[in-house]
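In the text below, chain A, chain B and the rest are named by the order of the sequence lines, each starting its count at 1.
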Amino acid sequence: MPELPEVETVRAQLEPLLVGARIIDGDSHPSAKFSQAPEAVGHSVEAVRRRGKYLLIDLLPAQGSRRELIVHLGMTGGLHMASSPIDDPYRRARWGLDDGRHLVFRDVRRFGRIAVVASGDHRSLPTLHELGPEPFDPRLDAAAFHALLARSSRRVKTHLLSQRPIAGVGNIYADEALWRSRIHPGARRVGLERSDRLLDALRAVLAEALEHNGTTLRDFRTVDGTKGSNQHRLDCYGRSGLPCGRCGSILTSRVLDQRTSTYCPTCQAH
DNA sequence: CGGGGTTCCTGGCCGC
DNA sequence: TGCGGCCAGGAACCCC
(Lines give C-alpha, C1' and ligand atoms only; values in the text may rest on other atoms or scores of the structure.)
Protein backbone atom coordinates (compact mmCIF):
# COMPACT_ATOMS: atom_id res chain seq x y z
CA MET A 1 0.00 0.00 0.00
CA PRO A 2 1.45 3.34 -0.92
CA GLU A 3 3.06 5.04 2.07
CA LEU A 4 5.53 7.92 2.11
CA PRO A 5 8.31 6.23 0.07
CA GLU A 6 5.88 5.03 -2.59
CA VAL A 7 4.09 8.37 -2.85
CA GLU A 8 7.40 10.24 -2.97
CA THR A 9 8.59 7.93 -5.75
CA VAL A 10 5.45 8.77 -7.71
CA ARG A 11 5.81 12.49 -6.98
CA ALA A 12 9.40 12.61 -8.18
CA GLN A 13 8.50 10.87 -11.44
CA LEU A 14 5.39 12.93 -12.00
CA GLU A 15 6.87 16.35 -11.40
CA PRO A 16 8.87 16.74 -14.65
CA LEU A 17 6.01 15.19 -16.62
CA LEU A 18 3.34 17.55 -15.36
CA VAL A 19 4.81 20.92 -14.44
CA GLY A 20 3.79 23.50 -17.03
CA ALA A 21 1.10 21.34 -18.62
CA ARG A 22 -2.42 22.69 -18.92
CA ILE A 23 -5.40 20.47 -18.15
CA ILE A 24 -7.95 20.83 -20.94
CA ASP A 25 -10.51 18.17 -20.07
CA GLY A 26 -11.24 15.44 -17.58
CA ASP A 27 -13.67 12.83 -16.41
CA SER A 28 -14.13 10.58 -13.42
CA HIS A 29 -15.89 7.66 -11.81
CA PRO A 30 -19.18 8.81 -10.24
CA SER A 31 -18.16 7.93 -6.67
CA ALA A 32 -17.85 10.97 -4.42
CA LYS A 33 -14.27 9.86 -3.79
CA PHE A 34 -13.31 10.74 -7.35
CA SER A 35 -16.03 13.02 -8.73
CA GLN A 36 -14.12 16.25 -8.02
CA ALA A 37 -11.38 15.32 -10.50
CA PRO A 38 -12.78 17.33 -13.46
CA GLU A 39 -12.69 20.50 -11.37
CA ALA A 40 -8.99 20.68 -12.21
CA VAL A 41 -9.84 21.40 -15.86
CA GLY A 42 -8.72 24.81 -17.09
CA HIS A 43 -5.72 25.00 -14.78
CA SER A 44 -1.99 24.68 -15.39
CA VAL A 45 0.22 22.55 -13.18
CA GLU A 46 2.57 24.74 -11.21
CA ALA A 47 4.20 22.18 -8.93
CA VAL A 48 3.85 18.61 -7.70
CA ARG A 49 4.34 18.33 -3.96
CA ARG A 50 3.73 15.72 -1.28
CA ARG A 51 2.63 15.78 2.35
CA GLY A 52 2.62 12.40 4.05
CA LYS A 53 0.78 10.06 1.71
CA TYR A 54 -1.03 12.89 -0.10
CA LEU A 55 0.06 14.20 -3.49
CA LEU A 56 -0.56 17.93 -3.75
CA ILE A 57 -0.64 19.28 -7.29
CA ASP A 58 -0.61 23.08 -7.33
CA LEU A 59 -2.92 24.48 -10.00
CA LEU A 60 -2.71 27.90 -11.59
CA PRO A 61 -5.98 29.06 -13.17
CA ALA A 62 -6.18 31.30 -16.22
CA GLN A 63 -7.72 33.82 -13.84
CA GLY A 64 -8.63 33.79 -10.19
CA SER A 65 -6.98 32.17 -7.23
CA ARG A 66 -4.81 29.09 -7.00
CA ARG A 67 -6.25 25.67 -6.40
CA GLU A 68 -4.86 22.32 -5.40
CA LEU A 69 -5.52 18.90 -6.89
CA ILE A 70 -5.10 16.39 -4.08
CA VAL A 71 -4.65 12.69 -4.80
CA HIS A 72 -4.49 9.95 -2.18
CA LEU A 73 -3.54 6.59 -3.66
CA GLY A 74 -5.35 4.56 -1.00
CA MET A 75 -4.31 0.94 -1.24
CA THR A 76 -4.30 0.17 -4.92
CA GLY A 77 -4.20 3.58 -6.58
CA GLY A 78 -1.67 4.55 -9.23
CA LEU A 79 -1.03 7.50 -11.54
CA HIS A 80 0.17 6.96 -15.09
CA MET A 81 0.70 8.93 -18.26
CA ALA A 82 -0.88 7.77 -21.51
CA SER A 83 -0.88 9.08 -25.07
CA SER A 84 -4.26 7.47 -25.71
CA PRO A 85 -6.04 6.05 -22.69
CA ILE A 86 -7.00 2.46 -23.45
CA ASP A 87 -10.19 1.01 -22.03
CA ASP A 88 -9.60 0.09 -18.39
CA PRO A 89 -12.40 -0.87 -15.99
CA TYR A 90 -10.33 0.37 -13.04
CA ARG A 91 -9.72 3.85 -14.37
CA ARG A 92 -11.24 6.24 -11.82
CA ALA A 93 -10.17 9.57 -13.29
CA ARG A 94 -8.53 11.01 -16.39
CA TRP A 95 -7.18 14.45 -17.14
CA GLY A 96 -6.38 15.44 -20.73
CA LEU A 97 -3.35 17.73 -21.16
CA ASP A 98 -2.85 20.40 -23.81
CA ASP A 99 -0.07 18.44 -25.52
CA GLY A 100 -2.27 15.40 -26.12
CA ARG A 101 -1.12 13.32 -23.18
CA HIS A 102 -3.44 12.08 -20.45
CA LEU A 103 -2.89 11.67 -16.74
CA VAL A 104 -4.78 8.57 -15.59
CA PHE A 105 -5.71 7.53 -12.06
CA ARG A 106 -6.24 3.78 -11.75
CA ASP A 107 -7.51 2.26 -8.51
CA VAL A 108 -8.86 -1.29 -8.34
CA ARG A 109 -10.24 -1.18 -4.80
CA ARG A 110 -11.38 2.43 -4.80
CA PHE A 111 -9.77 3.28 -1.49
CA GLY A 112 -8.10 6.26 -3.08
CA ARG A 113 -9.45 9.77 -3.10
CA ILE A 114 -9.31 12.86 -5.27
CA ALA A 115 -10.13 16.40 -4.17
CA VAL A 116 -9.83 19.83 -5.75
CA VAL A 117 -9.71 22.59 -3.16
CA ALA A 118 -8.74 26.22 -2.79
CA SER A 119 -4.99 26.31 -2.36
CA GLY A 120 -4.09 25.20 1.16
CA ASP A 121 -7.67 24.63 2.27
CA HIS A 122 -7.51 21.09 3.62
CA ARG A 123 -10.58 21.18 5.82
CA SER A 124 -12.37 18.60 3.68
CA LEU A 125 -9.54 16.11 4.34
CA PRO A 126 -9.31 15.89 8.14
CA THR A 127 -6.25 13.65 8.24
CA LEU A 128 -4.32 15.99 5.94
CA HIS A 129 -5.61 18.97 7.89
CA GLU A 130 -4.25 17.53 11.15
CA LEU A 131 -1.20 15.86 9.64
CA GLY A 132 1.93 15.52 11.75
CA PRO A 133 5.37 16.75 10.67
CA GLU A 134 7.26 15.26 7.75
CA PRO A 135 9.65 12.58 9.05
CA PHE A 136 12.69 14.37 7.59
CA ASP A 137 11.76 17.82 8.86
CA PRO A 138 14.98 18.96 10.58
CA ARG A 139 12.92 20.71 13.25
CA LEU A 140 11.63 17.33 14.37
CA ASP A 141 13.88 15.95 17.09
CA ALA A 142 13.50 13.29 19.75
CA ALA A 143 12.00 15.68 22.29
CA ALA A 144 9.43 17.02 19.82
CA PHE A 145 8.55 13.52 18.64
CA HIS A 146 8.23 12.33 22.22
CA ALA A 147 5.81 15.20 22.93
CA LEU A 148 3.77 14.30 19.83
CA LEU A 149 3.63 10.63 20.82
CA ALA A 150 2.55 11.58 24.34
CA ARG A 151 -0.50 13.42 23.01
CA SER A 152 -2.40 10.15 22.83
CA SER A 153 -2.84 7.25 25.19
CA ARG A 154 -3.59 4.89 22.34
CA ARG A 155 -1.23 2.12 21.32
CA VAL A 156 1.87 3.56 19.68
CA LYS A 157 1.23 1.67 16.43
CA THR A 158 -2.36 2.91 16.26
CA HIS A 159 -1.19 6.44 16.99
CA LEU A 160 1.42 6.27 14.21
CA LEU A 161 -1.19 5.07 11.72
CA SER A 162 -3.38 8.07 12.59
CA GLN A 163 -0.78 10.30 10.83
CA ARG A 164 -0.88 12.76 13.72
CA PRO A 165 2.50 12.26 15.37
CA ILE A 166 4.31 11.93 12.03
CA ALA A 167 3.24 11.98 8.38
CA GLY A 168 3.30 9.18 5.86
CA VAL A 169 3.70 6.01 7.93
CA GLY A 170 1.40 3.08 7.19
CA ASN A 171 1.25 -0.52 8.29
CA ILE A 172 4.41 -1.70 6.54
CA TYR A 173 6.81 0.97 7.76
CA ALA A 174 5.22 1.15 11.20
CA ASP A 175 5.90 -2.57 11.70
CA GLU A 176 9.41 -2.20 10.27
CA ALA A 177 10.33 0.79 12.43
CA LEU A 178 8.86 -0.69 15.60
CA TRP A 179 10.80 -3.89 14.96
CA ARG A 180 13.99 -1.97 14.34
CA SER A 181 13.60 0.16 17.47
CA ARG A 182 12.49 -2.89 19.52
CA ILE A 183 9.21 -1.36 20.64
CA HIS A 184 6.04 -3.41 21.03
CA PRO A 185 3.27 -2.13 18.73
CA GLY A 186 0.83 -2.19 21.64
CA ALA A 187 2.92 0.05 23.93
CA ARG A 188 0.84 2.89 25.33
CA ARG A 189 3.63 5.01 26.73
CA VAL A 190 6.89 5.59 24.90
CA GLY A 191 9.54 7.49 26.84
CA LEU A 192 12.14 9.90 25.52
CA GLU A 193 14.79 7.27 24.88
CA ARG A 194 12.44 4.99 22.97
CA SER A 195 10.99 7.99 21.10
CA ASP A 196 14.50 8.79 19.96
CA ARG A 197 15.06 5.21 18.79
CA LEU A 198 11.69 5.10 17.05
CA LEU A 199 12.30 8.38 15.19
CA ASP A 200 15.72 7.16 14.05
CA ALA A 201 14.21 3.84 12.95
CA LEU A 202 11.38 5.53 11.06
CA ARG A 203 13.81 7.76 9.22
CA ALA A 204 16.11 4.86 8.36
CA VAL A 205 13.31 2.59 7.20
CA LEU A 206 11.65 5.29 5.09
CA ALA A 207 14.93 6.48 3.55
CA GLU A 208 15.95 2.95 2.60
CA ALA A 209 12.55 2.24 1.09
CA LEU A 210 12.75 5.47 -0.91
CA GLU A 211 16.17 4.46 -2.24
CA HIS A 212 14.55 1.29 -3.57
CA ASN A 213 11.55 3.05 -5.12
CA GLY A 214 9.16 1.75 -2.50
CA THR A 215 7.67 -1.61 -1.61
CA THR A 216 5.61 -3.54 -4.17
CA LEU A 217 3.79 -6.37 -2.43
CA ARG A 218 1.26 -6.73 -5.20
CA ASP A 219 -0.26 -3.56 -6.56
CA PHE A 220 2.14 -0.65 -6.22
CA ARG A 221 3.59 0.63 -9.49
CA THR A 222 5.53 3.77 -10.19
CA VAL A 223 4.34 6.23 -12.85
CA ASP A 224 6.16 4.32 -15.59
CA GLY A 225 4.68 1.02 -14.41
CA THR A 226 7.75 -0.48 -12.76
CA LYS A 227 7.71 -2.10 -9.33
CA GLY A 228 9.59 -0.97 -6.26
CA SER A 229 12.16 -3.37 -4.82
CA ASN A 230 12.01 -2.71 -1.10
CA GLN A 231 9.79 -5.77 -0.54
CA HIS A 232 12.97 -7.87 -0.64
CA ARG A 233 14.36 -5.96 2.31
CA LEU A 234 11.55 -6.17 4.86
CA ASP A 235 12.58 -7.52 8.28
CA CYS A 236 9.18 -7.83 9.89
CA TYR A 237 6.07 -6.91 7.90
CA GLY A 238 4.50 -9.98 6.31
CA ARG A 239 7.04 -12.30 7.93
CA SER A 240 4.87 -13.83 10.64
CA GLY A 241 6.02 -17.39 11.38
CA LEU A 242 9.55 -16.70 10.15
CA PRO A 243 12.52 -16.21 12.47
CA CYS A 244 13.46 -12.75 13.69
CA GLY A 245 16.65 -11.70 11.90
CA ARG A 246 18.01 -10.31 15.16
CA CYS A 247 17.27 -12.93 17.82
CA GLY A 248 15.89 -15.94 15.97
CA SER A 249 12.53 -16.03 17.77
CA ILE A 250 9.53 -16.65 15.57
CA LEU A 251 7.82 -13.42 14.53
CA THR A 252 4.14 -13.35 15.46
CA SER A 253 1.07 -11.57 14.16
CA ARG A 254 -1.77 -10.11 16.21
CA VAL A 255 -4.69 -7.88 15.43
CA LEU A 256 -4.45 -4.70 17.50
CA ASP A 257 -7.19 -2.09 17.09
CA GLN A 258 -8.54 -3.83 13.98
CA ARG A 259 -5.14 -3.78 12.28
CA THR A 260 -2.67 -6.62 11.79
CA SER A 261 0.66 -6.12 13.53
CA THR A 262 3.69 -8.34 13.09
CA TYR A 263 6.45 -8.16 15.70
CA CYS A 264 9.10 -10.15 17.51
CA PRO A 265 7.78 -11.36 20.88
CA THR A 266 11.32 -11.40 22.29
CA CYS A 267 12.94 -8.22 20.95
CA GLN A 268 9.72 -6.26 21.21
CA ALA A 269 8.61 -7.35 24.67
CA HIS A 270 5.72 -5.43 26.15
C1' DC B 1 -12.55 16.40 21.71
C1' DG B 2 -10.37 11.94 22.06
C1' DG B 3 -11.41 7.52 21.13
C1' DG B 4 -13.81 3.51 19.37
C1' DG B 5 -16.32 1.20 15.82
C1' DT B 6 -18.02 0.88 10.98
C1' DT B 7 -17.70 1.33 6.13
C1' DC B 8 -16.00 1.40 1.60
C1' DC B 9 -14.05 -2.25 -2.27
C1' DT B 10 -12.38 -6.33 -5.00
C1' DG B 11 -8.70 -9.65 -6.29
C1' DG B 12 -6.42 -13.36 -4.39
C1' DC B 13 -6.27 -17.16 -1.72
C1' DC B 14 -7.96 -21.13 1.05
C1' DG B 15 -10.61 -25.14 1.77
C1' DC B 16 -13.85 -28.38 0.26
C1' DT C 1 -12.44 -27.31 -11.61
C1' DG C 2 -15.66 -24.32 -9.25
C1' DC C 3 -17.20 -21.69 -5.74
C1' DG C 4 -18.39 -19.67 -1.23
C1' DG C 5 -16.11 -17.34 2.33
C1' DC C 6 -12.70 -14.57 4.13
C1' DC C 7 -9.03 -11.18 4.26
C1' DA C 8 -6.28 -6.79 3.62
C1' DG C 9 -6.31 -2.00 4.89
C1' DG C 10 -6.30 4.21 4.86
C1' DA C 11 -9.09 7.35 6.20
C1' DA C 12 -13.70 9.32 6.27
C1' DC C 13 -17.51 9.23 9.05
C1' DC C 14 -20.58 8.65 12.92
C1' DC C 15 -21.50 8.33 17.71
C1' DC C 16 -20.54 8.62 22.63
Side-chain angles (χ1 to χ4, degrees), chain A residues 1-8 10-11 28-37 50-56 70-79 88-93 105-117 121-132 135 147-178 185-189 202 206 209 214-221 227-228 231 234 236-241 251-263:
Chain A
M1 52 245 73
E3 306 179 26
L4 186 151
E6 291 75 29
V7 180
E8 178 58 27
V10 167
R11 189 210 64 77
S28 64
H29 184 278
S31 160
K33 289 180 169 183
F34 312 114
S35 56
Q36 290 180 35
R50 180 194 56 74
R51 269 287 277 139
K53 305 177 198 172
Y54 295 83
L55 274 170
L56 308 176
I70 302 174
V71 179
H72 194 292
L73 300 178
M75 290 187 50
T76 57
L79 285 163
D88 179 351
Y90 303 120
R91 191 174 85 201
R92 308 305 183 193
F105 180 66
R106 183 176 196 273
D107 183 10
V108 172
R109 289 188 198 178
R110 291 199 242 161
F111 270 46
R113 190 179 181 94
I114 294 169
V116 178
V117 301
D121 181 2
H122 297 157
R123 288 172 300 175
S124 64
L125 298 148
T127 302
L128 175 59
H129 192 54
E130 302 292 333
L131 194 60
L148 287 162
L149 287 178
R151 283 169 64 169
S152 168
S153 58
R154 308 190 76 185
R155 295 179 159 100
V156 61
K157 166 89 179 279
T158 306
H159 194 29
L160 285 174
L161 295 185
S162 78
Q163 308 301 304
R164 292 183 70 126
I166 198 163
V169 178
N171 214 19
I172 296 174
Y173 301 115
D175 275 2
E176 291 296 299
L178 289 166
R188 288 188 187 270
R189 284 200 314 276
L202 283 163
L206 294 170
T215 299
T216 298
L217 294 173
R218 178 179 304 150
D219 298 293
F220 174 67
R221 294 293 184 281
K227 300 178 181 182
Q231 61 276 16
L234 299 178
C236 185
Y237 180 90
R239 295 182 57 81
S240 182
L251 299 173
T252 58
S253 242
R254 267 186 61 196
V255 175
L256 298 174
D257 295 328
Q258 289 94 37
R259 205 96 303 169
T260 302
S261 284
T262 301
Y263 60 96

Practice item. Could you tell me whether A/L73 contacts a base, only the sugar-phosphate backbone, or nothing, with contacts defined as non-hydrogen atoms closer than 4.0 Å? Key: nothing
Point to revise | side chain to side chain donor-acceptor pair (under 3.5 Å) partners for A/R11, two or more places apart | key: A/E8, A/E15
**Study point:** Contacts of type salt bridge (Lys or Arg N to Asp or Glu O under 4.0 Å), residue A/R189, not counting sequence neighbours
**Key:** none
Practice item. Would you mind reading off the distance between A/L131 atom CG and C/dA11 atom C1', rounded to a whole angstrom? Key: 12 Å
Point to revise | Distance, rounded to the nearest Å, where A/F111 contributes CZ and C/dA11 contributes P | key: 11 Å
Review point. Does A/R151 CZ have over 12 foreign heavy atoms under 6.0 Å away?
Key: no
Exercise for review: Please list residues of residues 153-170 of chain A whose heavy atoms come under 4.0 Å from any atom in DNA chain B, ordered by number; otherwise none.
Suggested key: A/S153, A/R154
Write down the protein N/O and nucleotide N/O pairs, taken from nucleotides 13-16 of chain C, whose separation is under 3.5 Å; answer none if there are no such pairs.
none

Study note, to complete from the structure: For A/R110, the salt bridge (Lys or Arg N to Asp or Glu O under 4.0 Å) test, sequence neighbours excluded, returns none
Practice item. Output all residues satisfying side chain to side chain donor-acceptor pair (under 3.5 Å) with A/R106, sequence neighbours left out; order by chain, then residue number. Key: A/D88
Exercise for review: Provide the start and end nucleotides, 5' to 3', of the part of DNA chain B that has atoms under 4.0 Å from heavy atoms of chain A.
Suggested key: B/dG3 to B/dG12
Would you mind writing out the side-chain donor-acceptor pairs for residues 251-259 of chain A within the sub-3.5 Å range, not counting sequence neighbours?
from: A/S253; atom 1: OG; to: A/T262; atom 2: OG1; distance (Å): 2.9
from: A/D257; atom 1: OD1; to: A/R155; atom 2: NH1; distance (Å): 3.2
from: A/D257; atom 1: OD2; to: A/T158; atom 2: OG1; distance (Å): 2.5

Practice item. Kindly write out the residues that satisfy ring pair (Phe, Tyr, Trp, His ring centres under 6.0 Å) with A/F220, not counting sequence neighbours, or none if the list is empty. Key: none
Point to revise | Aromatic ring pairing A/F34/A/H29, orientation class (parallel under 30°, perpendicular over 60°, tilted between) | key: perpendicular
Review point. Counting only side-chain N and O atoms of A/K33, is one of them less than 4.0 Å from OP1 or OP2 of C/dA11?
Key: no
Exercise for review: Name the residue closer to the 5' end of DNA chain B, choosing between A/Y90 and A/Q258 according to the nucleotide with the nearest heavy atom.
Suggested key: A/Q258
Review point. Starting at the 5' end of DNA chain B and moving along, which residue's nearest nucleotide shows up first, A/R188 or A/R218?
Key: A/R188
Check your understanding: At under 4.0 Å, does any side-chain N or O of A/H72 touch on OP1 or OP2 of C/dA11?
Key -> yes
Check your understanding: Given axes from five pairs at either end, by how many degrees does the helix from B/dG2-C/dC16 to B/dC16-C/dG2 bend, rounded to 10°?
Key -> 40°
Practice item. Have a look at A/T76 and say if it touches a base, only the backbone sugar-phosphate, or nothing, with a 4.0 Å heavy-atom cut-off. Key: nothing
Point to revise | Residue list, side chain to side chain donor-acceptor pair (under 3.5 Å) with A/S152, at least two apart or on another chain | key: none
Which atom pairs, donor and acceptor, lie under 3.5 Å between side-chain atoms of residues 164-174 of chain A and protein residues at least two apart or in another chain?
from: A/N171; atom 1: OD1; to: A/K157; atom 2: NZ; distance (Å): 2.7
from: A/N171; atom 1: ND2; to: A/T260; atom 2: O; distance (Å): 3.2
from: A/Y173; atom 1: OH; to: A/E6; atom 2: OE2; distance (Å): 2.5
from: A/Y173; atom 1: OH; to: A/T215; atom 2: OG1; distance (Å): 2.7

Review point. Below 4.0 angstrom from OP1 or OP2 of C/dA12, is there any side-chain N or O of A/Y54?
Key: yes
